[in-house]
Amino acid sequence: MKKSQNPVSSKTAPSSAPRVAIAILAAGKGTRLKSQLPKVLHEVGGKPLLAHVIAAARRVLPARDIFAIVGHEAGRVRSTLGQTGVNFVLQSEQRGTGHALMVAREAVSPYDYVIVLSGDAPQITPQTVAQLLNFHLDERAAMTLLSADLDHPTGYGRVIRKKSRSAEVQAIVEEKSATPAQKRIREINAGFYIFSVPQLFQHIGKLSTANVHAEYYLTDMAEVLRQAGQRVAVWKTENPAEVLGANTRAELSFIDSQMRARKCFELMSEGVTIYYPASCVIDNDVAIAADTVVEPFVQILGSSRIGSGCRIRSYSVIRDSEIGDGVLIRPGCVLEEARVGRGAVLGPYSHLRPGSDIGEGAHVGNFVETKKIKMGKGSKANHLTYLGDAEIGAGVNIGAGTITCNYDGVNSIPP
Ligand code: UD1
Ligand code: CA
(Lines give C-alpha, C1' and ligand atoms only; values in the text may rest on other atoms or scores of the structure.)
(Ligands and ions follow the chains in the order given, each with its own letter.)
Protein backbone atom coordinates (compact mmCIF):
# COMPACT_ATOMS: atom_id res chain seq x y z
CA MET A 1 0.00 0.00 0.00
CA LYS A 2 1.28 3.47 -0.84
CA LYS A 3 1.79 5.75 2.13
CA SER A 4 -0.47 8.41 0.65
CA GLN A 5 -3.45 6.07 0.63
CA ASN A 6 -5.61 6.30 3.69
CA PRO A 7 -7.33 2.92 4.05
CA VAL A 8 -10.09 4.37 6.21
CA SER A 9 -11.03 7.34 4.07
CA SER A 10 -11.39 5.10 1.01
CA LYS A 11 -14.42 3.50 2.66
CA THR A 12 -15.68 6.47 4.56
CA ALA A 13 -16.75 8.80 1.78
CA PRO A 14 -17.08 12.47 2.77
CA SER A 15 -20.91 12.31 2.75
CA SER A 16 -21.00 9.75 5.60
CA ALA A 17 -17.57 10.72 7.01
CA PRO A 18 -17.72 8.84 10.31
CA ARG A 19 -15.23 9.96 12.87
CA VAL A 20 -12.81 7.13 13.70
CA ALA A 21 -10.27 6.87 16.52
CA ILE A 22 -7.69 4.24 17.38
CA ALA A 23 -7.05 3.17 20.98
CA ILE A 24 -3.92 1.12 21.63
CA LEU A 25 -3.90 -1.01 24.78
CA ALA A 26 -0.43 -0.48 26.23
CA ALA A 27 -0.78 -0.05 29.99
CA GLY A 28 -0.02 -3.58 31.16
CA LYS A 29 3.06 -4.56 33.14
CA GLY A 30 3.81 -7.71 31.24
CA THR A 31 4.14 -9.88 34.33
CA ARG A 32 4.97 -12.96 32.24
CA LEU A 33 8.13 -11.28 30.87
CA LYS A 34 9.56 -10.97 34.42
CA SER A 35 11.14 -7.65 33.55
CA GLN A 36 11.86 -4.16 34.91
CA LEU A 37 11.05 -2.83 31.45
CA PRO A 38 7.36 -2.33 30.63
CA LYS A 39 6.11 -4.94 28.17
CA VAL A 40 5.41 -2.61 25.25
CA LEU A 41 9.02 -1.29 25.33
CA HIS A 42 10.51 -4.74 24.76
CA GLU A 43 11.94 -4.81 21.26
CA VAL A 44 11.36 -6.94 18.19
CA GLY A 45 12.96 -6.18 14.83
CA GLY A 46 15.06 -3.55 16.65
CA LYS A 47 12.11 -1.39 17.79
CA PRO A 48 9.77 -1.41 20.81
CA LEU A 49 6.59 -3.48 20.38
CA LEU A 50 4.48 -0.34 20.75
CA ALA A 51 6.50 1.53 18.08
CA HIS A 52 5.44 -1.09 15.54
CA VAL A 53 1.77 -0.84 16.52
CA ILE A 54 1.86 2.99 16.42
CA ALA A 55 3.53 2.86 12.98
CA ALA A 56 0.71 0.63 11.67
CA ALA A 57 -1.92 2.88 13.30
CA ARG A 58 -0.42 5.99 11.70
CA ARG A 59 -0.84 4.45 8.28
CA VAL A 60 -4.57 4.19 9.02
CA LEU A 61 -5.29 7.50 10.79
CA PRO A 62 -3.44 10.73 11.61
CA ALA A 63 -1.61 10.82 14.96
CA ARG A 64 -4.17 13.21 16.48
CA ASP A 65 -6.83 10.45 16.32
CA ILE A 66 -4.60 7.81 17.94
CA PHE A 67 -4.71 7.27 21.72
CA ALA A 68 -2.17 5.02 23.41
CA ILE A 69 -3.44 3.91 26.81
CA VAL A 70 -0.41 3.71 29.08
CA GLY A 71 -0.04 2.91 32.76
CA HIS A 72 2.80 0.77 34.03
CA GLU A 73 5.97 2.95 33.78
CA ALA A 74 3.88 5.42 31.77
CA GLY A 75 6.57 8.13 31.89
CA ARG A 76 9.12 5.85 30.33
CA VAL A 77 6.72 4.73 27.60
CA ARG A 78 5.74 8.33 26.81
CA SER A 79 9.32 9.57 26.64
CA THR A 80 10.31 6.70 24.33
CA LEU A 81 7.38 7.17 21.95
CA GLY A 82 6.38 10.82 22.46
CA GLN A 83 7.92 11.89 19.16
CA THR A 84 5.36 9.80 17.24
CA GLY A 85 2.83 12.59 17.96
CA VAL A 86 0.08 10.26 19.23
CA ASN A 87 -1.99 11.08 22.34
CA PHE A 88 -1.47 9.29 25.62
CA VAL A 89 -4.22 8.37 28.08
CA LEU A 90 -3.20 7.33 31.58
CA GLN A 91 -4.67 4.17 33.10
CA SER A 92 -2.97 4.56 36.47
CA GLU A 93 -4.29 1.30 37.87
CA GLN A 94 -4.36 -1.60 35.42
CA ARG A 95 -7.65 -3.29 36.13
CA GLY A 96 -8.01 -5.06 32.80
CA THR A 97 -8.46 -4.46 29.08
CA GLY A 98 -12.12 -3.42 29.62
CA HIS A 99 -11.05 -0.95 32.30
CA ALA A 100 -8.52 0.55 29.85
CA LEU A 101 -11.42 1.53 27.57
CA MET A 102 -13.41 2.90 30.53
CA VAL A 103 -10.46 5.18 31.28
CA ALA A 104 -10.31 6.29 27.63
CA ARG A 105 -14.01 7.20 27.59
CA GLU A 106 -13.53 10.97 27.54
CA ALA A 107 -10.90 10.80 24.79
CA VAL A 108 -12.88 8.45 22.57
CA SER A 109 -16.46 9.71 23.10
CA PRO A 110 -16.32 12.38 20.34
CA TYR A 111 -15.82 9.64 17.73
CA ASP A 112 -18.34 7.33 16.02
CA TYR A 113 -16.06 4.29 15.91
CA VAL A 114 -13.01 3.19 17.85
CA ILE A 115 -10.48 0.70 16.55
CA VAL A 116 -8.81 -1.10 19.46
CA LEU A 117 -5.30 -2.44 18.86
CA SER A 118 -3.12 -4.48 21.21
CA GLY A 119 0.17 -2.80 22.09
CA ASP A 120 1.91 -6.17 22.40
CA ALA A 121 0.98 -7.56 18.95
CA PRO A 122 3.43 -5.77 16.62
CA GLN A 123 2.82 -7.48 13.28
CA ILE A 124 -0.65 -6.11 12.62
CA THR A 125 -0.94 -4.53 9.16
CA PRO A 126 -2.83 -1.36 8.21
CA GLN A 127 -4.61 -3.37 5.50
CA THR A 128 -6.09 -5.78 8.05
CA VAL A 129 -7.19 -2.93 10.31
CA ALA A 130 -8.92 -1.23 7.37
CA GLN A 131 -10.60 -4.49 6.30
CA LEU A 132 -11.84 -5.05 9.85
CA LEU A 133 -13.36 -1.57 9.93
CA ASN A 134 -15.01 -2.03 6.54
CA PHE A 135 -16.46 -5.36 7.67
CA HIS A 136 -17.80 -3.69 10.83
CA LEU A 137 -19.49 -0.97 8.75
CA ASP A 138 -20.97 -3.51 6.31
CA GLU A 139 -22.24 -5.69 9.17
CA ARG A 140 -23.65 -2.68 11.04
CA ALA A 141 -22.34 -4.31 14.20
CA ALA A 142 -21.86 -2.80 17.64
CA MET A 143 -18.61 -4.75 18.04
CA THR A 144 -16.46 -6.60 15.52
CA LEU A 145 -13.49 -8.65 16.53
CA LEU A 146 -10.58 -9.98 14.57
CA SER A 147 -9.94 -13.71 14.85
CA ALA A 148 -7.44 -16.21 13.50
CA ASP A 149 -7.10 -19.97 13.40
CA LEU A 150 -4.01 -21.02 15.33
CA ASP A 151 -2.45 -24.48 15.51
CA HIS A 152 -1.47 -23.73 19.09
CA PRO A 153 -4.26 -21.58 20.54
CA THR A 154 -3.28 -22.09 24.20
CA GLY A 155 -3.33 -18.85 26.17
CA TYR A 156 -5.64 -16.95 23.84
CA GLY A 157 -9.35 -16.20 24.26
CA ARG A 158 -11.53 -18.48 22.08
CA VAL A 159 -14.30 -17.27 19.81
CA ILE A 160 -17.69 -18.91 20.30
CA ARG A 161 -19.74 -18.24 17.18
CA LYS A 162 -23.54 -18.29 17.23
CA LYS A 163 -23.57 -20.98 14.55
CA SER A 164 -20.35 -22.50 13.33
CA ARG A 165 -20.19 -20.52 10.08
CA SER A 166 -22.11 -17.44 11.11
CA ALA A 167 -20.28 -14.11 11.38
CA GLU A 168 -22.14 -13.52 14.63
CA VAL A 169 -20.46 -14.09 17.95
CA GLN A 170 -21.97 -15.60 21.06
CA ALA A 171 -19.07 -14.90 23.42
CA ILE A 172 -15.32 -14.84 23.88
CA VAL A 173 -14.05 -17.27 26.49
CA GLU A 174 -10.67 -16.67 28.12
CA GLU A 175 -8.29 -19.63 28.37
CA LYS A 176 -8.53 -19.79 32.15
CA SER A 177 -12.35 -19.94 32.13
CA ALA A 178 -12.68 -22.27 29.13
CA THR A 179 -14.13 -25.77 29.38
CA PRO A 180 -12.07 -28.63 27.88
CA ALA A 181 -14.35 -28.57 24.81
CA GLN A 182 -13.90 -24.82 24.39
CA LYS A 183 -10.12 -25.19 24.71
CA ARG A 184 -10.23 -27.38 21.60
CA ILE A 185 -11.50 -24.40 19.54
CA ARG A 186 -8.65 -23.16 17.34
CA GLU A 187 -10.28 -19.86 16.43
CA ILE A 188 -8.80 -17.28 18.77
CA ASN A 189 -9.65 -13.71 19.65
CA ALA A 190 -6.74 -11.69 18.27
CA GLY A 191 -7.24 -8.76 20.65
CA PHE A 192 -8.17 -6.26 17.88
CA TYR A 193 -11.67 -4.82 17.79
CA ILE A 194 -13.90 -2.20 16.26
CA PHE A 195 -16.62 -0.72 18.49
CA SER A 196 -19.43 1.61 17.64
CA VAL A 197 -18.69 4.20 20.31
CA PRO A 198 -22.25 4.99 21.58
CA GLN A 199 -23.04 1.26 22.08
CA LEU A 200 -19.67 0.61 23.74
CA PHE A 201 -20.13 3.27 26.40
CA GLN A 202 -23.84 2.66 26.83
CA HIS A 203 -23.06 -0.91 27.95
CA ILE A 204 -19.45 -0.92 29.25
CA GLY A 205 -20.72 -0.38 32.82
CA LYS A 206 -22.11 -3.92 32.72
CA LEU A 207 -18.63 -5.47 32.70
CA SER A 208 -17.81 -7.23 35.95
CA THR A 209 -14.65 -8.45 37.64
CA ALA A 210 -16.11 -11.86 38.46
CA ASN A 211 -13.28 -13.86 36.85
CA VAL A 212 -10.00 -15.52 37.80
CA HIS A 213 -7.97 -12.30 37.46
CA ALA A 214 -10.63 -10.06 39.09
CA GLU A 215 -10.28 -7.75 36.07
CA TYR A 216 -12.65 -6.01 33.67
CA TYR A 217 -12.19 -8.02 30.46
CA LEU A 218 -12.88 -6.16 27.22
CA THR A 219 -13.62 -9.56 25.73
CA ASP A 220 -16.75 -9.80 27.92
CA MET A 221 -18.23 -6.92 25.87
CA ALA A 222 -19.13 -9.56 23.25
CA GLU A 223 -21.57 -11.26 25.60
CA VAL A 224 -22.72 -8.00 27.23
CA LEU A 225 -23.61 -6.46 23.84
CA ARG A 226 -25.25 -9.63 22.55
CA GLN A 227 -27.42 -9.85 25.66
CA ALA A 228 -28.42 -6.23 25.06
CA GLY A 229 -29.65 -7.29 21.61
CA GLN A 230 -26.67 -5.76 19.76
CA ARG A 231 -24.85 -7.35 16.85
CA VAL A 232 -21.36 -8.73 17.52
CA ALA A 233 -19.46 -9.86 14.42
CA VAL A 234 -16.17 -11.62 13.76
CA TRP A 235 -13.83 -11.37 10.81
CA LYS A 236 -11.07 -13.95 10.43
CA THR A 237 -7.66 -13.05 9.02
CA GLU A 238 -5.99 -15.46 6.61
CA ASN A 239 -2.63 -14.50 8.06
CA PRO A 240 -2.44 -15.68 11.70
CA ALA A 241 1.19 -14.54 12.07
CA GLU A 242 0.14 -10.90 12.17
CA VAL A 243 -1.91 -11.26 15.33
CA LEU A 244 0.60 -13.03 17.56
CA GLY A 245 1.12 -11.34 20.92
CA ALA A 246 4.38 -11.17 22.86
CA ASN A 247 3.46 -12.17 26.40
CA THR A 248 6.58 -14.22 27.20
CA ARG A 249 10.28 -14.07 26.31
CA ALA A 250 9.76 -17.12 24.08
CA GLU A 251 6.95 -15.40 22.16
CA LEU A 252 9.05 -12.24 21.92
CA SER A 253 11.95 -14.12 20.34
CA PHE A 254 9.63 -16.03 18.00
CA ILE A 255 8.05 -12.80 16.71
CA ASP A 256 11.50 -11.20 16.40
CA SER A 257 12.80 -14.12 14.33
CA GLN A 258 9.72 -14.00 12.08
CA MET A 259 10.17 -10.27 11.52
CA ARG A 260 13.87 -10.59 10.76
CA ALA A 261 13.29 -13.47 8.36
CA ARG A 262 10.70 -11.34 6.56
CA LYS A 263 13.16 -8.41 6.40
CA CYS A 264 15.87 -10.63 4.89
CA PHE A 265 13.45 -12.00 2.29
CA GLU A 266 12.35 -8.46 1.39
CA LEU A 267 15.99 -7.41 0.91
CA MET A 268 16.76 -10.53 -1.13
CA SER A 269 13.77 -9.80 -3.37
CA GLU A 270 15.28 -6.34 -3.94
CA GLY A 271 18.61 -7.81 -5.10
CA VAL A 272 20.68 -8.17 -1.91
CA THR A 273 22.51 -11.48 -1.41
CA ILE A 274 22.27 -12.77 2.15
CA TYR A 275 24.00 -16.06 2.82
CA TYR A 276 22.52 -17.96 5.72
CA PRO A 277 19.90 -15.31 6.61
CA ALA A 278 18.91 -17.11 9.81
CA SER A 279 22.27 -16.07 11.25
CA CYS A 280 21.93 -12.36 10.36
CA VAL A 281 20.22 -9.70 12.46
CA ILE A 282 18.90 -6.87 10.30
CA ASP A 283 16.61 -4.27 11.87
CA ASN A 284 13.35 -3.28 10.19
CA ASP A 285 14.39 0.25 9.21
CA VAL A 286 17.72 -0.71 7.59
CA ALA A 287 18.13 -0.05 3.85
CA ILE A 288 20.55 -2.03 1.65
CA ALA A 289 20.96 -1.47 -2.09
CA ALA A 290 21.11 -4.20 -4.74
CA ASP A 291 24.18 -6.34 -5.36
CA THR A 292 25.49 -6.01 -1.84
CA VAL A 293 26.51 -9.30 -0.27
CA VAL A 294 25.94 -9.98 3.42
CA GLU A 295 27.88 -12.92 4.78
CA PRO A 296 26.75 -15.12 7.71
CA PHE A 297 26.63 -13.73 11.27
CA VAL A 298 26.36 -10.06 10.44
CA GLN A 299 24.26 -7.51 12.36
CA ILE A 300 23.01 -4.35 10.62
CA LEU A 301 21.05 -2.22 13.05
CA GLY A 302 19.07 0.96 13.63
CA SER A 303 18.82 3.36 10.71
CA SER A 304 21.87 2.07 8.80
CA ARG A 305 22.00 2.68 5.05
CA ILE A 306 24.25 0.47 2.91
CA GLY A 307 25.02 1.22 -0.75
CA SER A 308 25.17 -1.17 -3.68
CA GLY A 309 27.92 -3.63 -4.54
CA CYS A 310 29.29 -3.78 -0.98
CA ARG A 311 30.51 -6.92 0.72
CA ILE A 312 29.95 -7.23 4.46
CA ARG A 313 31.93 -10.10 5.78
CA SER A 314 31.15 -12.23 8.81
CA TYR A 315 30.96 -11.01 12.41
CA SER A 316 30.61 -7.33 11.60
CA VAL A 317 28.14 -5.20 13.61
CA ILE A 318 26.97 -1.97 11.99
CA ARG A 319 24.70 0.47 13.83
CA ASP A 320 23.19 3.74 12.56
CA SER A 321 25.87 4.11 9.89
CA GLU A 322 25.97 5.17 6.27
CA ILE A 323 28.06 3.10 3.87
CA GLY A 324 28.64 4.17 0.26
CA ASP A 325 28.70 1.92 -2.82
CA GLY A 326 31.34 -0.75 -3.36
CA VAL A 327 32.68 -0.79 0.21
CA LEU A 328 34.43 -3.91 1.49
CA ILE A 329 34.00 -4.57 5.20
CA ARG A 330 36.26 -7.43 6.20
CA PRO A 331 35.44 -9.72 9.14
CA GLY A 332 34.87 -8.49 12.67
CA CYS A 333 34.33 -4.74 12.18
CA VAL A 334 32.22 -2.66 14.58
CA LEU A 335 30.69 0.59 13.27
CA GLU A 336 28.54 3.03 15.23
CA GLU A 337 27.21 6.28 13.75
CA ALA A 338 29.95 6.25 11.13
CA ARG A 339 30.06 7.30 7.48
CA VAL A 340 32.10 5.40 4.94
CA GLY A 341 32.71 6.72 1.42
CA ARG A 342 32.40 4.65 -1.74
CA GLY A 343 35.07 2.04 -2.45
CA ALA A 344 36.60 2.21 1.04
CA VAL A 345 38.03 -0.93 2.67
CA LEU A 346 37.67 -1.65 6.38
CA GLY A 347 39.03 -4.34 8.64
CA PRO A 348 39.56 -6.97 9.62
CA TYR A 349 38.76 -5.82 13.16
CA SER A 350 38.33 -2.08 12.71
CA HIS A 351 36.29 -0.12 15.26
CA LEU A 352 34.64 3.00 13.86
CA ARG A 353 33.08 4.97 16.70
CA PRO A 354 30.59 7.85 16.40
CA GLY A 355 31.64 10.70 14.17
CA SER A 356 34.05 8.68 12.04
CA ASP A 357 33.90 9.91 8.45
CA ILE A 358 36.00 7.75 6.15
CA GLY A 359 36.64 9.15 2.67
CA GLU A 360 36.21 7.53 -0.71
CA GLY A 361 38.64 4.68 -1.37
CA ALA A 362 40.29 5.02 2.06
CA HIS A 363 41.59 2.00 3.99
CA VAL A 364 41.15 1.46 7.70
CA GLY A 365 42.83 -1.76 8.67
CA ASN A 366 43.58 -4.29 11.39
CA PHE A 367 42.91 -3.15 14.96
CA VAL A 368 42.39 0.48 14.06
CA GLU A 369 40.02 2.52 16.24
CA THR A 370 38.61 5.83 15.03
CA LYS A 371 36.40 8.46 16.68
CA LYS A 372 35.32 11.91 15.46
CA ILE A 373 37.70 11.97 12.53
CA LYS A 374 37.54 12.96 8.95
CA MET A 375 39.79 10.86 6.77
CA GLY A 376 40.40 12.09 3.24
CA LYS A 377 40.05 10.33 -0.08
CA GLY A 378 42.41 7.37 -0.54
CA SER A 379 44.15 7.75 2.83
CA LYS A 380 45.30 4.65 4.70
CA ALA A 381 45.68 3.61 8.32
CA ASN A 382 46.34 -0.05 7.97
CA HIS A 383 47.59 -1.32 11.32
CA LEU A 384 47.14 -0.92 15.09
CA THR A 385 46.28 2.74 15.32
CA TYR A 386 44.00 5.10 17.28
CA LEU A 387 42.75 8.11 15.37
CA GLY A 388 40.56 10.46 17.43
CA ASP A 389 39.49 14.09 16.97
CA ALA A 390 41.58 14.58 13.86
CA GLU A 391 41.27 15.70 10.30
CA ILE A 392 43.40 13.73 7.89
CA GLY A 393 43.73 14.95 4.32
CA ALA A 394 43.68 12.97 1.08
CA GLY A 395 46.35 10.41 0.14
CA VAL A 396 47.92 10.24 3.62
CA ASN A 397 49.55 7.00 4.76
CA ILE A 398 49.44 6.63 8.55
CA GLY A 399 52.09 4.29 9.92
CA ALA A 400 51.43 1.43 12.30
CA GLY A 401 51.01 2.34 15.96
CA THR A 402 50.11 6.02 15.39
CA ILE A 403 47.89 7.83 17.88
CA THR A 404 46.05 11.14 17.47
CA CYS A 405 43.94 12.40 20.35
CA ASN A 406 42.92 15.44 22.34
CA TYR A 407 43.11 13.84 25.77
CA ASP A 408 46.16 14.36 27.97
CA GLY A 409 45.24 11.67 30.48
CA VAL A 410 43.10 14.03 32.60
CA ASN A 411 41.40 16.56 30.35
CA SER A 412 40.12 16.78 26.81
CA ILE A 413 41.90 19.61 25.05
CA PRO A 414 39.59 21.72 22.93
CA PRO A 415 40.58 21.80 19.27
C1 UD1 B 1 -6.00 -10.66 25.53
C2 UD1 B 1 -7.47 -11.08 25.41
C3 UD1 B 1 -7.53 -12.48 24.78
C4 UD1 B 1 -6.82 -12.45 23.43
C5 UD1 B 1 -5.40 -11.89 23.56
C6 UD1 B 1 -4.81 -11.65 22.19
C7 UD1 B 1 -8.58 -10.02 27.34
C8 UD1 B 1 -9.18 -10.23 28.68
N9 UD1 B 1 -8.07 -11.12 26.74
O10 UD1 B 1 -5.36 -11.56 26.41
O11 UD1 B 1 -8.87 -12.87 24.60
O12 UD1 B 1 -6.80 -13.75 22.89
O13 UD1 B 1 -5.41 -10.63 24.25
O14 UD1 B 1 -3.46 -11.24 22.26
O15 UD1 B 1 -8.60 -8.91 26.85
N16 UD1 B 1 -3.62 -3.81 29.03
C17 UD1 B 1 -3.94 -2.53 29.41
N18 UD1 B 1 -4.53 -2.34 30.62
C19 UD1 B 1 -4.84 -3.35 31.45
C20 UD1 B 1 -4.53 -4.66 31.06
C21 UD1 B 1 -3.93 -4.87 29.83
O22 UD1 B 1 -3.68 -1.57 28.68
O23 UD1 B 1 -5.39 -3.06 32.54
C24 UD1 B 1 -2.96 -4.01 27.73
C25 UD1 B 1 -1.67 -4.81 27.80
O26 UD1 B 1 -0.56 -3.93 27.98
C27 UD1 B 1 -1.61 -5.49 26.44
C28 UD1 B 1 -3.08 -5.63 26.05
O29 UD1 B 1 -3.81 -4.77 26.92
O30 UD1 B 1 -0.94 -4.68 25.48
C31 UD1 B 1 -3.59 -7.07 26.23
O32 UD1 B 1 -3.40 -7.45 27.58
P33 UD1 B 1 -2.76 -8.86 27.93
O34 UD1 B 1 -2.65 -8.96 29.40
O35 UD1 B 1 -1.57 -9.12 27.12
O36 UD1 B 1 -3.97 -9.81 27.46
P37 UD1 B 1 -3.86 -11.33 27.00
O38 UD1 B 1 -3.74 -12.20 28.20
O39 UD1 B 1 -2.86 -11.48 25.94
CA1 CA C 1 -1.19 -10.20 25.12
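When a ligand or atom number is given, it counts from 1 through the structure's own listing order.
Comment: R342 engages D325 in a salt bridge, judged by a side-chain N to carboxylate O separation of less than 4.0 angstrom. Taking 4.0 Å as the cut-off between side-chain N and carboxylate O, E322 and R305 do not count as a salt-bridged pair. Comment: D283 engages R260 in a salt bridge, judged by a side-chain N to carboxylate O separation of less than 4.0 angstrom.
Between L25 and ligand 1, at least one N/O pair is under 3.5 Å apart.
Rounded to the nearest 10 degrees, the angle OD1 (N247) to the Ca ion (ligand 2) to OD2 (D120) equals 80°.
Using the six-membered ring where Trp is involved, F67 and Y111 have ring planes that are perpendicular, over 60° apart on the 30 and 60° scheme. Relative ring orientation between Y349 and F367 is described as parallel, the plane-to-plane angle staying below 30° on a 0-90° scale split at 30° and 60°. Between Y315 and F297, the ring-plane angle classifies as parallel under the 30° and 60° cut-offs.
If you number the atoms of ligand 1 from 1 as listed, the ones under 4.0 Å from a heavy atom of G96 come out as 18 (N), 19 (C), 20 (C), 23 (O). Interface of R95 with ligand 1, defined as ligand atoms under 4.0 Å from a residue heavy atom, comprises 23 (O). Heavy-atom contacts of A190 reach the following atoms of ligand 1: 6 (C), 14 (O) (cutoff under 4.0 Å). The ligand atoms of ligand 1 that sit less than 4.0 angstrom from a heavy atom of Q91 are 17 (C), 18 (N), 19 (C), 22 (O), 23 (O). Counting the atoms of ligand 1 from 1 in the order shown, those under 4.0 Å from a heavy atom of K39 are 35 (O). Listed by atom number, the atoms of ligand 1 under 4.0 Å from Y156 heavy atoms are 6 (C), 12 (O), 14 (O). Residue-ligand proximity, G157 to ligand 1, at heavy-atom distances under 4.0 Å covers atoms 3 (C), 4 (C), 11 (O), 12 (O). Taking every non-hydrogen atom of S118 and a distance limit under 4.0 Å, the qualifying atoms of ligand 1 come out as 28 (C), 31 (C).
Within 6.0 Å of NZ on K377 lie no more than 12 heavy atoms contributed by other residues, nucleotides or ligands.
Within the model, atoms NZ of K371 and NE2 of H351 stand 11.0 Å from one another, a figure rounded to the nearest 0.5 Å. Note that the OG1 atom of T248 and the NZ atom of K39 stand 9.0 Å from one another [nearest 0.5 Å].
For atom 11 (O) of ligand 1, the nearest protein heavy atom (residue, atom name, distance) is E174 OE2, 2.6 Å.
Protein heavy atoms are absent from the 4.0 Å sphere centred on atom 1 (C) of ligand 1.
For the Ca ion (ligand 2), the N/O/S atoms of S118 include none lying under 3.0 Å.
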